[in-house]
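Take a look at the structure set out below.
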Number of protein chains: 2
Amino acid sequence: MLSTMTTDSATGRDRSASTRERLLDAAVEAFATSGFAGTTTRDIASRAGMSPAAVYVHHATKEDLLFEISRRGHRSAVQIIEKASQSSPDPVEQVRNMVAEFSRWHAVNSRVGRIVQYEFDALTPEHRAEIAEYRRAIEALMRDALEAGVEAGTMTVSDAKGTALALLSLSIDLVRWYHPSGATTPDEIASLHGDLALRMVGAAA
Amino acid sequence: MLSTMTTDSATGRDRSASTRERLLDAAVEAFATSGFAGTTTRDIASRAGMSPAAVYVHHATKEDLLFEISRRGHRSAVQIIEKASQSSPDPVEQVRNMVAEFSRWHAVNSRVGRIVQYEFDALTPEHRAEIAEYRRAIEALMRDALEAGVEAGTMTVSDAKGTALALLSLSIDLVRWYHPSGATTPDEIASLHGDLALRMVGAAA
DNA sequence: GTCTATATGGGGATAGAC
DNA sequence: GTCTATCCCCATATAGAC
């Protein structure tokens, strides 16, 4: 079927549920709810409506499930930041868009976001090394925009590295408390955080 | 001995290591490193130089250890925020101090901070209810300062609730990546975050 | 208050039938 | 590719000696 080829832009996941993908979805729910160490493979299997043994036909280990989720999540996040960094020739607008869209991504994908941000230490050293690359790329893109803005004279930033981390903190920490059923929408968070970012870099209207 | 009465201001913990306190210190290290679910009582016992059974002479369950750590940590954090909120009659200075000192607290106590911020869901419902009160108090103090500043006309804040959460995110998220052995000092983080907070509320110099 | 030993249950992962 | 059954290890917590 052609429909099995469509993929979700935020997660890179097949929308039609092959067994492998259904297990990944179940693992996302389980890891986001109970954490990696607090999740049993029996829990994942039962969320996917399968027996415990079926998990291992599609994924070698529990940690492989985590790595696949973390890798897709990080790749999606890098794409969001890259696109925002290319959205305007103006570094000020780049920073606004990066923070707004990165915040929106964490709100819309808050369950994957929790896993991406909080389960880094649960990966094997080899897997952690690959994920660390994605994180360095994200930090570098933010720092580059700040340095370009300072160079252009449209921002006032005394500590580009520290300010880049602060802007990322603003965009990330919401996964700690955000719930889709709450009153705040991803649009509202994106707009507020984008405005706060402009102020933080000394470029507010 | 008199020295057994001295307590650490940040954690409320006895500095001279009674067995009960040594176990709490060991649990902080273990929970901060491996998470609550990823920590075994054997790990805690061995870090404290004791047998697994000795843990239960001093603490009823593993979750009781987590609750005691979380309660002390939250109470310490509330005190820091309260003191900063009373440090000046000027709401602008209050906000600067609250963000600077709350950020400093998370840097200095980054291991306890991780547990405080990330292991809330591992508490029993009863314990979670008590901890939730401390969190509400912290958010209310920040929101009150923002509303006072808007009232006084010295801040420009369109969304006090969302901005309060953003200021707390800035102060908290650093526990995700901060390491005492890194290049950045708690003083530097406090200073930078305090300055960023002024800009975020539209009160920068 | 500490230990060794253990009760009791659950966890990741595999074997082998269908 | 799914199941049932199970291996083997480890977890929390307790029993009882010292």
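Residue numbering restarts at 1 for every chain, and letters A, B, ... go by the order of the sequence lines.
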Take A:V55 and A:L65 through the side chain to side chain contact (heavy atoms under 4.5 Å, CB included) test and state the conclusion after the steps.
CA-CA 10 Å; A:V55 172; A:L65 274 162; 4.2 Å; yes

Dump the intermediate steps for salt bridge (charged side-chain N to carboxylate O under 4.0 Å, His left out) on A:E82 and A:R75, then the final yes or no.
CA-CA 10 Å; A:E82 269 178 350; A:R75 285 183 174 171; over 6 Å; no

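In this structure, CD1 of A:I44 is placed 12 Å from C1' of C:dG11, rounded to the nearest angstrom. Protein atom CZ of A:F31 is 12 Å distant from nucleotide atom C1' of C:dG12, rounded to whole Å. Between the P atom of D:dG1 and the CD atom of A:E21 lies a distance of 13 Å, rounded to the nearest Å. Separating the CZ atom of B:R20 from the C1' atom of C:dG1 is a distance of 15 Å, rounded to the nearest angstrom. Following rounding to the nearest Å, B:M50 (CE) and C:dC3 (P) show an atom-to-atom distance of 5 Å. Between the C1' atom of D:dC10 and the NZ atom of A:K62 lies a distance of 13 Å, rounded to the nearest Å. Protein atom NE2 of A:H58 is 15 Å distant from nucleotide atom P of C:dT14, rounded to whole Å. Distance, A:L23 CG to C:dA13 P: 14 Å, rounded to whole Å.
Judged purely by distance below 3.5 Å, without hydrogens or angles, the side chains of B:H127 and B:E63 pair a donor atom with an acceptor atom.
The phosphate of D:dA13 (OP1 or OP2) has no side-chain N or O of B:H59 nearer than 4.0 angstrom. Put simply, A:T41 has a side-chain N or O that comes within less than 4.0 Å of OP1 or OP2 on C:dG12. Phosphate contact (OP1/OP2 of D:dA13, side-chain N/O of B:Y56, threshold under 4.0 Å): present. Listed pair B:T19 / C:dT2 meets the phosphate criterion, a side-chain N or O lying under 4.0 Å from OP1 or OP2.
Counting atom types as modelled, A:R42 pairs no side-chain N or O with a base atom of C:dG10 as donor and acceptor under 3.5 Å.
Nucleic acid contact class of B:S51 (heavy atoms, under 4.0 Å, all strands): base. Contact annotation for B:A53: base contact, defined as any heavy-atom pair under 4.0 Å involving a base atom.
Note: B:R22 CZ to B:R47 CZ = 14.0 Å, rounded to the nearest 0.5 Å.
Note on ring orientation: taking the six-membered ring where Trp is involved, the planes of A:F102 and A:H106 are perpendicular (angle over 60°, cut-offs 30° and 60°).
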